[in-house]
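The structure appears below as structure tokens.
Letters go in sequence order (proteins before strands), and every chain restarts at 1.
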Amino acid sequence: MTINLLLQNIANGLSLGSLYALIAIGYTMVYGILRLINFAHGEIFMLAPYFLYFGILIFHLPWWASTIVAIGLTAFTGMLSERIAYKPLRDAPRISALISAIGVSFFLQNLAVVVFSGIPKSVHRPIFFTKIYQFGEIRIQSTLFASIGVSIIFLSLLLYIIYQTKTGLAMRAISRDIETSRLMGVGVNRAISITFAIGSALAAVGGILWSLRFPQIFPTMGMIPGLKAFIAAVVGGIGSIPGAMLGGLILGMSEILFVTFLPALSGYRDAFVFFILIIILLVKPDGILGIKVQEKV
Amino acid sequence: MLKVENLNVFYGGIHALKGVTFQVPKCKITTLIGANGAGKSTTLRAICSLVKSQVGRITFQDKNITNIPTDDIVKMGVAMVPEGRKIFPNLSVKENLDLGAFTREDKAEIARDLKWIYELFPRLKERLWQKGGTLSGGEQQMLAVARGLMSRPKLLMLDEPSLGLAPLLVKDIIEVIQKICQEGITILLVEQNAFAALKISDYAYVLETGCLVLTGSGEDLLNDAKVKKAYLGE
Ligand SMILES: Nc1ncnc2c1ncn2[C@@H]1O[C@H](COP(=O)(O)OP(=O)(O)O)[C@@H](O)[C@H]1O
Ligand SMILES: [Mg+2]
């Protein structure tokens with residue numbers, strides 16, 4: 001293994017990791033506020049590249065405009081799914097909302113098969129994203145830079161919203177104590193909708209970056225990345241936003257390095273991710289940055 | 001200022017309040033006393049629409065506020081300091097105060113109110129950047145009251161603010177409540193610690209298993225034989 005190859009793989013790992021991080025945020029934010037694992041999040045991720053694809057194909061939008069529309073539509077779909085499938089169950093036992101989430105996941109997947117068809121489609125990639133940069137012996141695809149750069153921008157924006165704005169303050173309060181937040185005059189329904197919108201928008205960004213890396217899109221494409229991002233959220237400490245970012249990076253990096261160092265075992269890369277999950281759950285069940293979350297009463 | 005008429009609250013099959021009627025007059029201290037489980041907290045929670053199933057009529061400044069969303073009630077000028085303080089332990093003292101002012105947009109006025117809060121509770125100013133969870137019980141209670149004031153309420157409801165505090169701190173809290181009332185904020189106080197509360201009350205009600213059984217001025221109740229026996233331990 002040369003140093004160059006290692007650097008190249010680190011770039012690879014960072015880029016994959018930042019995608020996981022973008023998706024993991026949605027799991028962790030929703031869990032933080034509702035103690036709900038939103039199984040439909042992977043499907044939300046899948047919808048974004050489809051919206052992008054049809055924005056270009058049917059409405060002849062330029063790539064960037066279609067991207068913006070796709071992010072908006074995906075955020076809206078995420079918000080809508082909460083209103084329809086989770087809000088009516090807010091006072092029901094937690095398992096009901098969980099089952100409802102599984103339902104939304106199947107529903108969106110099958111809806112995608114019906115509406116978009118199950119045949120994989122190839123998303124248009126702007127020329128810029130197919131470029132390959134050469135640094136000495138290292139060859140890096142421009143999509144790697146794009147994923148890392150875009151992720152940094154969006155994750156910084158997220159941290160700003162959460163820690164510097166009133167909306168973020170309300171979200172942090174709700175994640176601790178919904179009833180007392182209400183007493184402070186926080187509109188809880190609105191804050192939960194915003195949470196879903198933000199989480200889904202980040203998943204959409206992740207989905208679109210994903211489609212630059214892997215241009216083939218299909219209705220079940222959200223399952224594995226969704227699952228891995230969920231694992232990333234758990235590894236980082238579910239409920240913790242910095243934790244989701246860290247978890248995503250760790251997962252992406254170890255997955256790439258695993259394949260690099262043990263190419264013979266590369267077929268087991270998904271299994272390896274579960275292996276990491278099991279180790280973390282055994283060693284530090286609350287995740288790396290997790291705080292013990294009290295059970296809601 | 002606040003009128004509660006024939007209020008009934010049910011928790012599933014439990015009939016927690018059975019037709020409670022009372023009034024809270026403007027710029028006065030009104031106290032609700034009663035044993036544990038009498039329904040005092042339920043009454044305050046019903047006023048803020050925090051309970052699910054309530055029947056009756058609650059009016060605040062002649063507007064019907066029965067079952068309207070809690071944030072709208074807060075915006076109209078009702079604040080509650082909940083039982084057990086309910087400080088956000090993961091947020092700093094300043095952030096807790098900011099949340100208290102969540103419904104307000106008037107930055108300059110908020111800054112002025114913060115100054116007043118710091119005069120009222122000098123301890124809080126020293127601990128502004130500490131997490132709420134690291135404060136002592138007394139400091140948390142002060143913060144809970146301060147947070148309630150940050151919405152600049154017309155009516156401040158306090159649910160057992162003296163619970164679990166040392167006698168000296170209880171005295172502080174009682175004094176603070178009097179000071180707040182002198183600023184023109186109407187007080188609805190709920191207490192088991194009846195003696196201290198009745199002493200500063202203009203009006204008082206006694207609640208027993210979901211029914212109001214006695215009414216009078218604070219002084220009347222302090223001298224009432226039944227109250228003495230049941231709540232003042234004489
Ligand atoms: N969330 C709840 N679910 C079921 N019963 C409740 C609930 N909260 C209070 N109760 C019942 O309602 C009655 C009044 O309670 P509460 O208002 O808390 O009394 P107090 O504040 O006077 O001690 C009690 O019998 C209590 O057990
Ligand atoms: Mg109580």
Per-residue contact mode, A/Asn189 against chain B (heavy atom under 4.5 angstrom): neither
Spacing of A/Met184 atom CE and B/Asn96 atom CG [to the nearest 0.5 Å]: 8.0 Å
Chain A contact residues among residues 72-80 of chain B, heavy-atom distance under 4.5 Å: B/Val74, B/Met80
Heavy-atom pair with the smallest gap, counting every atom of A/Arg172 and B/Leu91: NH1-CD2, 3.7 Å
Reported CZ-to-CG distance for the pair A/Arg182 and B/Leu50, which is rounded to 0.5 angstrom: 7.5 Å
A/Ser181 and B/Phe88: CA distance, side-chain angles, deciding distance, side chain to side chain contact (heavy atoms under 4.5 Å, CB included) verdict: CA-CA 9 Å; A/Ser181 306; B/Phe88 293 98; 3.7 Å; yes
Interchain contact, B/Leu99 with chain A, by part (heavy-atom threshold 4.5 Å): both
Non-hydrogen side-chain atoms of B/Lys86 and A/Leu183 separated by less than 4.5 Å: no
Side-chain ion pair, B/Asp71 and A/Arg190, N-O less than 4.0 Å: no
CZ (B/Phe10) with more than 12 external heavy atoms under 6.0 Å: yes
Greater than 12 external heavy atoms within 6.0 Å of A/Phe275's CZ: no
Members of residues 154-170 of chain A whose heavy atoms come closer than 4.5 Å to chain B: A/Lys166, A/Leu169, A/Ala170
Side chain, backbone, both or neither of B/Arg104 within contact of chain A (heavy atoms, under 4.5 Å): backbone
Side chain to side chain donor-acceptor pair (under 3.5 Å) pairs, two or more places apart, involving residues 58-69 of chain B: B/Gln54-B/Asn67, B/Asn64-B/Thr66
Positions in residues 114-128 of chain B that reach chain A, provided some heavy atom is under 4.5 Å away: none
